[in-house]
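Below is one structure, written out as structure tokens; comments come after it.
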Protein chains: 2
Amino acid sequence: MGRVKLEIKRIENPTNRQVTFSKRRNGLIKKAYELSILCDIDIAVIMFSPSGRVNHFSGRRRIEDVFTRYINLPDQVRDNAVSFPELPYRRGIQNKEYLLRTLQQLRSENDIALQLAKFV
Amino acid sequence: MGRVKLEIKRIENPTNRQVTFSKRRNGLIKKAYELSILCDIDIAVIMFSPSGRVNHFSGRRRIEDVFTRYINLPDQVRDNAVSFPELPYRRGIQNKEYLLRTLQQLRSENDIALQLAKFV
DNA sequence: CTATCTATTTATAAATC
DNA sequence: TGATTTATAAATAGATA
């Protein structure tokens, strides 16, 4: 969709990479928004720009709630739902292990939140 | 992008809604994939089909790791990164409260995971 | 960085197989 | 149901401001 056909590989020029990110980020979020409305579904998108800044979108629910809905699924359902399962890092994943690690990282924040909750 | 211009509102016919979901889901995931490669970034997409089935995509990292990277950000950074902050439900959100609720829901699974970890 | 301008490529709505 | 076709709408690469 442009003057030339673009090969899908890392854009090496940092300026072009950031410009392309900005344009395509907007396009992707628009698509996610349209899909959430047209099909009346839960959707969440999280991405980090090349410079490390976070952007996210979610439709009807808060992103935390979509992720909760996701993480509460049985492991097998999550695993079967992976798009592009052929990507290298997915081989040999022990989903449970990574989930465990994630949850452990969440733990300290959980404790802090519980502390804060006492004063709410 | 089709024979007619499509108004962005809920598709009432269930069959059409599911068909549109399937097509646009593929398009969205392709876009997310291309963005992750072109711009060499972390991205995660989670969505639930009209019939409730989950689909997700993530680029370089597991989706859990992207969410961890997200959730570990300070509240204010997350809040400032919201796309379409004008959507109704975002008004008056106490991000911390919702995060707390999310984390509490994760708690029991965390405990189960920790139990399982003893045998790994 | 953000916004516009267009030539092109890409996505997709509706129809058809 | 799902795959393919095709006319058309939409996204976007590169240039420019």
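Bear in mind that the values here come from a model prediction, so they are computed numbers and not experimental data. Hydrogens, waters and symmetry mates are skipped; everything else that's a heavy atom, side chains included, is used. Sequence lines set the chain letters: A, B, ... in the order given, protein chains first and strands last, and positions in each chain run from 1.
- Remark: C/dC1 base-pairs with no nucleotide in the shown strands. Criterion, Watson-Crick or G-U wobble with two distances under 3.5 Å.
- Distance, B/L28 CG to C/dT12 C1': 14 Å, rounded to whole Å.
- Residue A/K5 places none of its side-chain N or O atoms closer than 4.0 Å to OP1 or OP2 of C/dT8.
- For the pair B/V45/B/S58, no side-chain contact is recorded, criterion being any heavy-atom separation below 4.5 Å from C-beta on.
- Rounded to whole Å, the distance from CD1 on A/I11 to P on D/dT12 is 12 Å.
- A donor-acceptor pair is defined here as one N or O able to donate and one able to accept, closer than 3.5 Å; no such pair exists between the side chain of B/D40 and the backbone of B/S36.
- Between the P atom of D/dA9 and the CD atom of A/E34 lies a distance of 15 Å, rounded to the nearest Å.
- Protein atom CD of B/Q18 is 17 Å distant from nucleotide atom C1' of C/dA14, rounded to whole Å.
- Between D/dA11 and B/K31, no contact under 4.0 Å exists linking OP1 or OP2 to a side-chain N or O.
- Minimum atom distance to the side chain of A/R24 is reached by D/dA13, of the listed D/dA13, D/dA11, C/dT10.
- Residues A/M1 and A/V19 both approach DNA chain C. Their nearest nucleotides, taken by heavy-atom distance, put A/V19 toward the 5′ side.
- Nearest nucleotide to the A/R3 side chain, out of C/dT12, D/dG14, C/dA13: D/dG14.
- Residues A/S51 and A/L38 each lie close to DNA chain C; by heavy-atom proximity, the contact nearer the 5' end of the strand is made by A/S51.
- Annotation: cation-pi pair A/R69/B/F48 present, NZ/CZ under 6.0 Å from the ring centroid and within 45° of its normal.
- B/V19 and B/I11 fall into different hydrophobic clusters, where Ile, Leu, Val, Met, Phe, Trp and Tyr are joined by side-chain heavy atoms under 4.5 Å apart, directly or via other members.
- For B/L6 and A/T20, each mapped to the nucleotide of DNA chain D holding its nearest heavy atom, the one lying further toward the 5' end belongs to B/L6.
- Between the C1' atom of D/dG14 and the CD atom of A/E7 lies a distance of 17 Å, rounded to the nearest Å.
- Look at CZ on B/R17: it is 17 Å from C1' on D/dT1, rounded to the nearest Å.
- Rounded to an integer number of Å, the gap from A/I29 CD1 to D/dA11 P is 13 Å.
- Among the protein residues, B/K23 comes within range of the nucleic acid bases, having at least one heavy atom under 4.0 Å from a base atom.
- Taking a cutoff of 4.0 Å between a charged side-chain nitrogen and a carboxylate oxygen, B/E12 and B/R10 qualify as a salt bridge.
- As rounded to whole Å, 9 Å separates atom P of C/dT2 from atom CG of A/N26.
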